[in-house]
Amino acid sequence: MRSYLFLMVLVLIGCKNPDRTHLSQNPILPKKEIVFEGLNRPWSIAFLNDNEALVTEKNGDMVKIDLQKQTKKIIKGFPEDLTDSIGAVHVGDNSGIFEVLLHPNFKENQKIYFSYAAKKKGVGKTTKFVQAQLENDSLTHLKTILVAEPFAYINYHYGGGMAIGPDQKLYLTVGERLFWEHDEPALPIAQDPTDPRGKIHRFNLDGTIPEDNPQFGEDAVPSIFAMGIRNTQGLALQPETGNLWFTEHGTIQGDEINILKAGANYGWPNSTTGRLRSEDYKPPRLHGVEFTPPAWFWHHTVAPTGLCFYTGDEFPQWKNNLLVPGLSRGSLWRFHLEGDTLKSAEELFLDDRIRSRKVAQSPSGKLYLLTDEENGKIIRIVPEKTQKKLKEGKSPERITSQLSLIPIGG
């Protein structure tokens with residue numbers, strides 16, 4: 001049996017005594033159980049109940065899976081302008097189906113929202129958001145909410161994240177789409193309020209524009225809520241505070257976690273915690289613009305994706321913690337917060353890394369992870385009862401690493 005490694009590293013940023021009061025001497029460690037497989041790069045999951053869920057396959061379909069019966073059924077009626085990355089010439093093509101999200105009153109109206117890469121013949125492709133009704137495993141009454149024009153022959157950074165805020169508004173993320181910074185126009189895409197790309201948008205649940213959206217100028221896209229975004233795929237509500245948090249992909253490092261604020265500018269490409277891919281590119285000076293710093297950033301590449309706040313009961317020490325999966329290193333991170341301040345981080349499953357797209361909870365609080373593979377899996381994260389083993393002098397097999405920190409700028 002492998003010995004159990006518990007590595008504690010202190011990162012001191014202007015503070016000599018980072019908080020460790022929440023750490024337990026006898027933690028309940030997590031383990032993975034594969035509960036479903038055979039999905040084509042699953043991206044998102046929306047639970048209909050504890051056994052059934054809608055799942056989007058990046059290179060496949062929207063499907064309904066039954067974890068108990070182990071069945072998968074294709075949802076019919078998906079828009080025909082979908083484009084995916086099957087057979088793509090360009091390595092890393094992000095095209096496909098992205099998020100699926102239930103309307104807050106889904107039980108009454110059967111409405112859902114979903115996002116995907118839409119194509120337009122002779123023009124290119126872009127991020128598209130749609131509302132639909134789910135009837136007899138088919139999509140009906142489709143209504144387009146946002147098409148992030150212009151269309152372009154670029155295969156990257158669609159965004160596609162969605163969440164319902166505490167204000168019962170729909171929040172959508174659109175990536176800036178560029179791979180190289182030297183392809184930026186004179187005013188960078190994410191800094192241009194007349195361009196919907198590189199932004200986070202806010203809509204009413206019926207797809208109309210809220211009257212109290214922030215104002216970014218006379219010709220600005222009216223649905224913009226925040227700007228300066230490179231590529232946000234994950235967006236999640238923090239139940240304790242009502243804040244929306246989002247992940248952000250950097251280029252060379254620069255991966256971040258941010259708190260969404262009305263009218264905020266998160267700086268891309270003028271301000272980044274990493275380095276630009278185009279070494280010769282210099283962003284234009286923007287006068288009178290204030291950039292909002294991240295709540296957290298990594299010093300290595302993680303490619304963080306679909307995050308969630310844990311509110312279940314199986315891991316009492318994780319209550320209200322933020323869980324963030326990553327694509328680049330196949331990581332899963334757990335952040336302890338006090339209010340909206342990140343106090344510590346733990347990277348889980350160091351001995352079992354897998355490229356991960358989404359972490360989510362079922363209605364009863366069960367924790368799941370989606371793996372970004374051709375044979376994509378739904379993994380259930382369950383507690384491994386270690387306290388008895390420790391008392392008996394036995395070492396658990398799971399390896400984790402814990403990192404205590406204080407927030408950036410703290």
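It should be emphasised that the depicted structure is a prediction, and the values quoted were computed from it without experimental measurement.
Look at R197 and D192 and you find no salt bridge, because none of the NZ, NE, NH1 or NH2 atoms lies under 4.0 Å from a carboxylate O. Salt-bridge formation is detected for the pair E347/R353: a Lys NZ or Arg NE/NH1/NH2 atom is positioned less than 4.0 Å from an Asp or Glu carboxylate oxygen. A salt bridge links E57 with K72: the distance from a Lys NZ or Arg NE/NH1/NH2 to an Asp or Glu carboxylate oxygen falls below 4.0 Å. Ionic pairing of R380 and E33 is not present here: no N-O contact between side-chain nitrogen and carboxylate oxygen is shorter than 4.0 angstrom. Ion pair E384/K32 not flagged as a salt bridge, since none of the NZ, NE, NH1 or NH2 atoms sits closer than 4.0 Å to an Asp/Glu carboxylate oxygen.
I378 CD1 to F36 CZ: the interatomic distance, rounded to the nearest 0.5 Å, is 6.0 Å.
Note: W298 and F335 have perpendicular aromatic rings, judged against thresholds of 30 and 60 degrees for the angle between ring planes. Classification of the W333-W296 ring pair by plane angle, with boundaries at 30° and 60°, yields tilted.
For the side-chain contact (heavy atoms from CB on, under 4.5 Å) with P150, the lone residue among I189, D195, V123 that qualifies is D195. Of the options T83, D81, T56, a side-chain hydrogen bond (donor to acceptor under 3.5 Å, both in side chains) to Y116 is made by D81 and by none of the others. The residue from K125, R41, K58 that alone fulfils the salt bridge (charged side-chain N to carboxylate O under 4.0 Å, His left out) condition with D93 is K125. Just one of L237, L337, L235 meets the side-chain contact (heavy atoms from CB on, under 4.5 Å) condition when paired with W245; it is L337.
Counting heavy-atom neighbours within 6.0 Å of E211 CD, excluding the residue itself, gives a total of 12 or less.
Contact annotation: the side chain of R202 approaches that of D212 to within less than 4.5 Å [non-hydrogen atoms, C-beta and beyond]. Residues W43 and V55 are not in side-chain contact: their nearest non-hydrogen atoms beyond the backbone lie 4.5 Å or more apart. Between E346 and L348, some side-chain heavy-atom pair lies under the 4.5 Å cut-off.
A donor-acceptor pair is defined here as one N or O able to donate and one able to accept, closer than 3.5 Å; no such pair exists between the side chain of D61 and the backbone of V63. Formation of a donor-acceptor pair under 3.5 Å by the Q233 side chain with backbone atoms of K358 is not found in this model. At least one donor-acceptor pair under 3.5 Å links the side chain of Q131 to the backbone N or O of L205. Under a 3.5 Å cut-off, the side chain of T292 and the backbone N or O of A264 do not form any donor-acceptor pair. Within the 3.5 Å criterion, the main-chain N or O of H157 finds a donor-acceptor partner in the side chain of N94. T126 places no side-chain N or O within 3.5 Å of a backbone atom of F151 that could act as its donor or acceptor partner. Of the possible polar contacts, one joining the S278 side chain to the H182 backbone as a donor-acceptor pair under 3.5 Å is found.
Of all heavy-atom pairs between S115 and M162, the closest is N-CE, 4.0 Å. The two residues P283 and P269 make their nearest non-hydrogen contact at CG-O, 3.6 Å. Taking every heavy atom of both residues into account, G312 and Y310 meet most closely at C-OH, 3.3 Å. Looking at every heavy atom in both residues, A186 comes nearest to P284 through O-CG, 3.4 Å. Of all non-hydrogen atoms in K199 and M227, the two that sit nearest each other are CD-CB, 3.4 Å. A pairwise comparison of heavy atoms in R275 and Q253 identifies NH1-OE1, 3.4 Å as the closest pair.
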Could you pull out all donor-acceptor pairs under 3.5 Å where a side-chain atom in residues 214-223 meets a protein atom, sequence neighbours excluded?
from	atom 1	to	atom 2	distance (Å)
Q215	NE2	N213	O	3.2
S223	OG	H201	ND1	2.7

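Both cation-pi conditions hold for R177 and Y158: the charged atom is under 6.0 angstrom from the six-membered ring centre and inside a 45 degree cone around its axis.
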*asked:* The test is ring pair (Phe, Tyr, Trp, His ring centres under 6.0 Å); show your working for Y266 and F246 and say whether it passes.
replied: CA-CA 11 Å; Y266 295 90; F246 65 93; 5.0 Å; yes
_Walk me through whether L369 and F349 qualify under side chain to side chain contact (heavy atoms under 4.5 Å, CB included)._
CA-CA 12 Å; L369 185 70; F349 303 117; 5.8 Å; no
_Run the side chain to side chain contact (heavy atoms under 4.5 Å, CB included) test on Y171 and L260 for me, step by step, so that the C-alpha distance in whole Å, both residues' side-chain angles and the decisive distance to 0.1 Å come before the verdict._
CA-CA 10 Å; Y171 292 81; L260 182 60; 3.7 Å; yes
_Using side chain to side chain contact (heavy atoms under 4.5 Å, CB included), reason through Q110 and E135 one step at a time and then give a plain yes or no._
CA-CA 7 Å; Q110 301 295 298; E135 296 180 345; 5.6 Å; no
*Run the numbers on N59 and S85 for side chain to side chain contact (heavy atoms under 4.5 Å, CB included), then give the verdict.*
CA-CA 6 Å; N59 284 346; S85 57; 2.9 Å; yes
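Checking Q361 against T311 by side-chain atom types alone, a donor-acceptor pair falls below 3.5 Å. Of the N and O atoms on the side chains of S362 and D50, at least one donor lies less than 3.5 Å from an acceptor on the other residue.
You'll find the ring centres of F129 and Y113 outside the 6.0 Å limit.
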